[in-house]
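Shown next, in structure tokens, is the structure this report addresses.
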Amino acid sequence: MCGIIGYIGHKPATPFLVEGLTRLEYRGYDSSGIAVRNGDLEIHKCAGKITDLVSILPKKIEGTSGIAHTRWATHGPPSDVNAHPHCSVDGKIALVHNGIIENARVLRNRLEKEGVKLQSDTDSEALVHLIHREISNGSKPLTAVRRTLKRARGTWGLCVIFEDHDTIICARNGSPLVIGVGDGENWIASDTLPLQARTQQVIRLEDGVLAEVTSEGVKTSRFDGRYSDSNVTTLDEDWGEAELGDYPHFMLKEIYDQPEALRQCLTGRLDLKDGNARLGGLGLTPKQLQKIPHVRLLGCGTALLASQVGRLVIEQLARVPALAHVSSEFRHNDPVIENNALHFAVSQSGETADTLAAIKEIQLKGGEVRGVINVVGSTIARQCGKGCYIHSGPEQAVASTKAFTNMVAALTLFAIQIGRARSLSRTRGKQLVKALKKLPQLVESYLDNPGSIMDAVDALKDAKSVLFLGRGISAPVAREGALKLMEIAYIPCLAYPAGEMKHGPIALLEEGSPVVVVAPNDSLKDKTISSIHECRARGAKIILIHEEGDSIAEEADIAISVPSTDPILSPILTVLPLQLIAYHTALILDRDVDRPRNLAKSVTVE
Ligand code: M6R
């Protein structure tokens, strides 16, 4: 949520700032701005996308240090004045901030009483005025920022630049900041994506740490002034720069990345001989796996829905109770944490604030959490310490696709691993391993020939609302289909376990209402057919996702088939048409597919 970029060195800062903003635009895209130290501080900002900012920038901005920001609004609507950087009254200090200042109202009121004219509605602006006051009282930049932050409550990743000092001060508390270390130049960013092309050496700021960045080096210290080691690490996974190639949108590219992403997730983790799977990073021996009383998975959005699939797979294969929790609710319900229970935090970005807060709640109560994460070295990955990476590669589109399939795949690997340590037979383990090995090829063959997607789009594009149904393991898949269509096509969708439909949502159905049904060839299929009949009897139009060759297709108005696999792996295939339906519906409705309104890729505020 909000992206921060900074540069200090010997080259013109603006090209990197703009390029960096573009790489971070997925974190927020309602407004953006830059401040470059060019004699004075030169500030340009506006509402809209990065392209709008670029269109108002002068052709050339001199200046070899600067900071920049792309925003996802929390306090105050997207507008030119609310865009960052925010500036002190004398124009000599500029600040960019990611996070939420919880006591902003108190700070703003005090400043206003003291005669400061605030320009924006944001929580962030108060900070720059407080820093300015400290500087006016003779503080050095680092001390001024430290003293200001002592008065603030909340979360921040922030950068401050000064007209009169050749330094950028950064601080982190709850919102990520990474410093790229170079020779005579240093870069700052909210994540490593903008840094990868410049340097492999990075300092990931810890919570409670400030950094004084000059072209010559980086000095870190804690908020209380104590020394803090600036640990330089080498980027462990270089994804390179995510490029669109021939695809019109990242979402479509990422849908088509799925066969390769799945291969990456499965590679080296399957043992056909023993019918087993190995996620070494979990650090769990078979003995420990036998003693786990229950498994809890935490996530938001698509990660939550992948967790809902995962918990069913774990329960079925390992016969151990497993639950999926909404991260944003978790810590507020004062959960009971059992010592030996196994907790998984599931997240693509590894930066989701709600999930991070849930992890901290568990750790505070003495529990351990393992990450199921895509972004290597992300905050959640580091907070958990142990876990497994899902290896999807960079996911740029706001609508998550390949992360879902890889999260499900990784959790299935875990289900086999814990299952084999308990009661899952070697024979069943071998069946599953074989089926998993075939999966990337099946995904590929479906994507090569995706069936009647455009007929489904035609049936959905003008709908007032769409009902998605599925049973058992397909219920979370139906929810994922609904989430995708809602978030990028802006069509209201409802997703229900098929059997629940008759207890309420059926009242919505009328002649022509579109109902999307996910019905793989599993033991629940006949029950789902009954639900289809109930819908059809009320005039609904059925769009069915089913397994190839299955006569259930006759029950549908529009039938889309996916290849056959072991029923427990079906979510990885049945979700594919739902992703494509959402993509093409959004496209036909002229939506901004990769950057849907009001959303951001990484939600780093609670
Ligand atoms: O990075 P995470 O997996 O933790 O993100 C969780 C959700 O914010 C994310 O899945 C969101 O719901 C997506 N936009 C769904 O497509």
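As the structure is a prediction and not an experimental result, all values here were calculated from the model. Note that ligands are numbered from 1 as they come in the structure, with each ligand's atoms numbered from 1 the same way.
Salt bridge Lys253/Glu395: absent, no basic N to carboxylate O contact under 4.0 Å. The pair Asp30-Arg597 does not meet the salt-bridge criterion, since no charged nitrogen lies less than 4.0 angstrom from a carboxylate oxygen.
Here the heavy atom of the protein found nearest to atom 8 (O) of ligand 1 is Val603 CG2, 4.0 Å. With respect to atom 6 (C) of ligand 1, the closest heavy atom belonging to the protein is Cys300 O, 3.3 Å. Atom 12 (O) of ligand 1 has its closest protein heavy atom at Gly301 CA, 3.2 Å. If you check which protein heavy atom lies closest to atom 4 (O) of ligand 1, you get Thr352 OG1, 2.4 Å.
For Glu351, no heavy-atom contact with ligand 1 is shorter than 4.0 Å.
Contact check for Tyr583 versus Val593: side-chain heavy atoms found under the 4.5 Å cut-off. By the 4.5 Å heavy-atom criterion applied to side chains, Ser465 and Leu494 are not counted as neighbours. Contact of the Leu279 side chain with the Leu282 side chain is registered, since non-hydrogen atoms from C-beta on lie closer than 4.5 Å.
When only modelled atom types and interatomic distance are considered, Thr302 and Glu480 share a side-chain donor-acceptor pair under 3.5 Å.
Of the listed options Met407, Glu487, Met486, Glu480, Glu487 places a heavy atom closest to atom 16 (O) of ligand 1. Nearest to atom 1 (O) of ligand 1 by heavy atom, out of Gly299, Ser349, Ser328, Ser602, is Ser349.
Atoms of ligand 1 found under 4.0 Å from any heavy atom of Val398 (numbered from 1 in listed order, with element): 13 (C), 14 (N), 16 (O). The contact set between ligand 1 and Lys484, taken as ligand atoms under 4.0 Å from a residue heavy atom, comprises 15 (C), 16 (O). Listed by number with element, the atoms of ligand 1 under 4.0 angstrom from any heavy atom of Ala303 are 3 (O), 10 (O). Within ligand 1, the atoms closer than 4.0 Å to a non-hydrogen atom of Gln348 are 1 (O), 2 (P), 3 (O), 4 (O), numbered from 1 in the order shown. Near Ala399, meaning under 4.0 Å from one of its heavy atoms, ligand 1 places the atoms 16 (O). Taking every non-hydrogen atom of Thr302 and a distance limit under 4.0 Å, the qualifying atoms of ligand 1 come out as 10 (O), 12 (O), 15 (C), 16 (O).
Residue-to-ligand polar distances place Ser347 within reach of ligand 1: an N/O pair is separated by less than 3.5 Å.
For Tyr26 and Phe250, the distance between ring centers is not under 6.0 angstrom.
Taking the six-membered ring for Trp and thresholds of 30 and 60 degrees, His84 and His69 have nearly parallel ring planes, at less than 30 degrees apart.
Under the 6.0 Å distance and 45° angle rule, Arg479 does not count as a cation-pi partner of Phe468.
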